[in-house]
Amino acid sequence: MLFTANQIAAFAGGVVDGDPEATVSTFAKIEEGVPGAISFLANPQYEKFLYETTASVVLVNKDFVPKQPVKATLVRVDDAYEAIAKLLTIYQSMGERVVGVSEKAFVHPTAHIGADCYVAPFAYIGANVKVGDNCDIHPGVVVQDNVEIGHDTVINPNVTIYKECKVGNQCIIHAGAVIGADGFGFAPTADGYEKIPQIGIVVIEDNVEIGANTCIDRSTMGATHIGKGVKLDNLVQIAHNVEVGENTVMSSQTGVAGSSKVGKWCMFGGQVGIAGHIHVGDKTSIGAQSGVPGGNLARRGGAVMMGYPAVDHKTFARQSAALKSLPDMVVEFARMKEELKSLKEKIK
């Protein structure tokens with residue numbers, strides 16, 4: 001399918017700088033651009049590739065000023081990264097979509113499957129399940145009894161959704177994710193650990209994306225709650241009774257311990273650890289491999305934190321700079337101890 005620079009500008013709300021009839025049929029990274037491809041420049045570190053690329057069309061920000069001649073036709077938009085995402089979404093939606101329930105899927109007679117859904121071979125849909133319109137349920141998916149899934153949601157292969165959990169509209173759950181497994185609740189006894197029944201559920205609101213092999217545990221009572229617009233990377237662990245606020249994003253291998261509350265619009269880097277029963281305020285950013293055991297800085301929101309225990313990022317930078325000097329400081333301290341010892345002996 002071919003698109004002209006003019007059509008792309010119309011889709012993305014931009015203006016053409018170059019040949020309005022330049023055509024593209026595929027996407028490419030700017031450093032790998034080829035004739036007939038569209039690319040984008042959002043990070044200044046990649047600007048050098050703009051002058052070398054053979055891509056036919058490149059999306060750039062409206063205020064971008066080239067330092068050298070550019071062969072490609074430019075489409076100037078408000079935000080190149082946002083525009084390429086929009087175009088990719090349009091492109092993906094143009095693909096042919098399969099609908100219907102496979103004869104090799106198991107769908108319980110009491111389950112309700114909405115209009116224009118796809119249920120693949122070897123999917124399992126339990127009793128009293130409700131699936132909204134235009135959903136895709138791929139091979140190996142297990143949806144246990146009494147689950148509710150909204151419209152336009154995609155459940156990718158080998159996802160398991162335990163009983164009674166709720167998934168909203170326009171969600172994407174990637175392969176191998178587990179929604180609603182038992183929370184990690186055990187009571188110590190003289191003979192070992194006694195399991196505490198986990199009788200709650202998981203509630204996932206609209207427009208949430210959950211990465212591959214991510215686990216969201218059901219609550220002991222009530223609900224583990226994932227707010228709308230939340231994006232969780234692969235291999236994220238959300239423990240029982242956690243609440244994650246709207247539009248928060250978490251990178252891979254982040255773990256949030258039980259009963260913690262994470263605010264809206266937070267950003268967590270990879271391998272962040274949040275201790276149990278604490279509150280992270282709105283718009284808190286936490287750098288990769290940081291640990292938050294508690295504290296008022298996280299609670300009040302708006303902070304940028306790094307390290308373990310996580311502190312303000314400027315404090316962390318000073319700590320890191322001092323740490324680099326630590327080996328020399330140890331040597332200097334040992335020398336000063338010897339000098340002091342020598343002075344004491346002379347005084348005697």
Side-chain angles (χ1 to χ4, degrees), residues 1-97 116 133-136 150-154 156 168-174 205-211 227-233 246-251 264-265 267 283 285:
M1 191 175 295
L2 293 176
F3 296 93
T4 67
N6 256 344
Q7 290 173 318
I8 291 166
F11 287 139
V15 294
V16 177
D17 183 354
D19 180 8
E21 298 304 317
T23 57
V24 298
S25 60
T26 188
F27 292 82
K29 296 187 291 185
I30 193 166
E31 65 270 32
E32 299 174 358
V34 294
I38 179 173
S39 188
F40 73 105
L41 175 65
N43 188 332
Q45 293 182 348
Y46 290 84
E47 182 178 342
K48 62 181 180 181
F49 297 111
L50 176 64
Y51 310 118
E52 304 168 1
T53 189
T54 58
S56 299
V57 176
V58 178
L59 297 172
V60 297
N61 293 339
K62 284 183 177 177
D63 59 358
F64 173 72
V65 179
K67 298 182 179 66
Q68 300 177 32
V70 178
K71 296 177 183 177
T73 292
L74 303 181
V75 174
R76 297 183 176 275
V77 294
D78 291 331
D79 186 319
Y81 194 76
E82 183 179 313
I84 198 72
K86 181 178 180 180
L87 292 174
L88 284 166
T89 300
I90 293 170
Y91 180 78
Q92 185 180 47
S93 68
M94 290 179 174
E96 186 176 348
R97 181 171 170 266
D116 297 320
D133 298 341
N134 302 306
C135 290
D136 290 349
H151 62 75
D152 296 288
T153 285
V154 178
N156 282 294
N169 305 316
Q170 297 177 319
C171 292
I172 301 173
I173 304 178
H174 288 284
E205 293 191 2
D206 299 346
N207 195 31
V208 170
E209 183 156 352
I210 296 168
K228 61 183 174 183
V230 166
K231 312 299 180 188
L232 304 179
D233 198 358
E246 296 177 9
N247 298 306
T248 282
V249 294
M250 299 183 186
S251 294
K264 302 174 183 178
W265 292 101
M267 299 180 69
K283 297 183 179 180
S285 296

Check: [Y] and [X] side chains under 4.5 Å, non-hydrogen atoms:
{"X": "Y81", "Y": "L59", "result": "no"}
{"X": "F27", "Y": "L88", "result": "yes"}
{"X": "L87", "Y": "I8", "result": "yes"}
{"X": "V16", "Y": "N6", "result": "yes"}

### Task
Check step by step if side chain to side chain contact (heavy atoms under 4.5 Å, CB included) holds for D78 and K62.
CA-CA 6 Å; D78 291 331; K62 284 183 177 177; 3.3 Å; yes
[X] side chain vs [Y] backbone, donor-acceptor pair below 3.5 Å:
{"X": "D19", "Y": "T73", "value": "no"}
{"X": "K264", "Y": "K283", "value": "no"}
{"X": "T53", "Y": "F49", "value": "no"}

### Task
Could you please spell out the steps behind the side chain to side chain contact (heavy atoms under 4.5 Å, CB included) verdict for L50 and V58?
CA-CA 8 Å; L50 176 64; V58 178; 3.9 Å; yes
### Query
Is the shortest side-chain N to carboxylate O distance from R97 to D136 below 4.0 Å?
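Salt bridge present between R97 and D136.
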### Task
Looking only at non-hydrogen atoms, find the nearest pair between G168 and T153 and report the distance.
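Answer, listing the atom of G168 first, then T153: O-OG1, 2.8 Å.
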### Task
Give the intermediate values and the outcome of side chain to side chain contact (heavy atoms under 4.5 Å, CB included) for residues N134 and H151.
CA-CA 6 Å; N134 302 306; H151 62 75; 5.5 Å; no
Would you tabulate the side-chain donor-acceptor contacts of residues 34-47 under 3.5 Å, counting partners in other chains and residues two or more places apart, or write 'none'?
residue: S39; atom: OG; partner: A28; partner atom: O; Å: 2.9
residue: S39; atom: OG; partner: I30; partner atom: N; Å: 2.8
residue: N43; atom: OD1; partner: Q45; partner atom: N; Å: 2.9
residue: E47; atom: OE1; partner: K67; partner atom: NZ; Å: 3.3
residue: E47; atom: OE2; partner: Y51; partner atom: OH; Å: 2.4
residue: E47; atom: OE2; partner: K67; partner atom: NZ; Å: 3.3

Can you tell me how far apart [atom1] ([X]) and [atom2] ([Y]) are? Round to the nearest 0.5 Å.
{"X": "Y91", "Y": "F3", "atom1": "OH", "atom2": "CZ", "value": "8.0 Å"}
{"X": "I210", "Y": "I173", "atom1": "CD1", "atom2": "CD1", "value": "4.5 Å"}
{"X": "Q170", "Y": "E209", "atom1": "CD", "atom2": "CD", "value": "12.5 Å"}
{"X": "K228", "Y": "N207", "atom1": "NZ", "atom2": "CG", "value": "9.5 Å"}
{"X": "L74", "Y": "N61", "atom1": "CG", "atom2": "CG", "value": "11.5 Å"}

Under the side chain to side chain donor-acceptor pair (under 3.5 Å) rule, collect the residues that match up with [X], sequence neighbours excluded.
{"X": "D233", "result": "none"}
{"X": "K71", "result": "none"}
{"X": "N247", "result": "none"}

### Query
For E82, what residues pass the side chain to side chain contact (heavy atoms under 4.5 Å, CB included) criterion, not counting sequence neighbours?
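If we apply the side chain to side chain contact (heavy atoms under 4.5 Å, CB included) test to E82, skipping adjacent residues, the hits are D79.
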### Message
Applying side chain to side chain contact (heavy atoms under 4.5 Å, CB included), can you list everything that pairs with K29, at least two apart in sequence or on another chain?
### Response
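Partners of K29 under the side chain to side chain contact (heavy atoms under 4.5 Å, CB included) test: E31, E32.
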### Query
Passes salt bridge (Lys or Arg N to Asp or Glu O under 4.0 Å), D17 versus R76? Steps please.
CA-CA 7 Å; D17 183 354; R76 297 183 176 275; 3.2 Å; yes
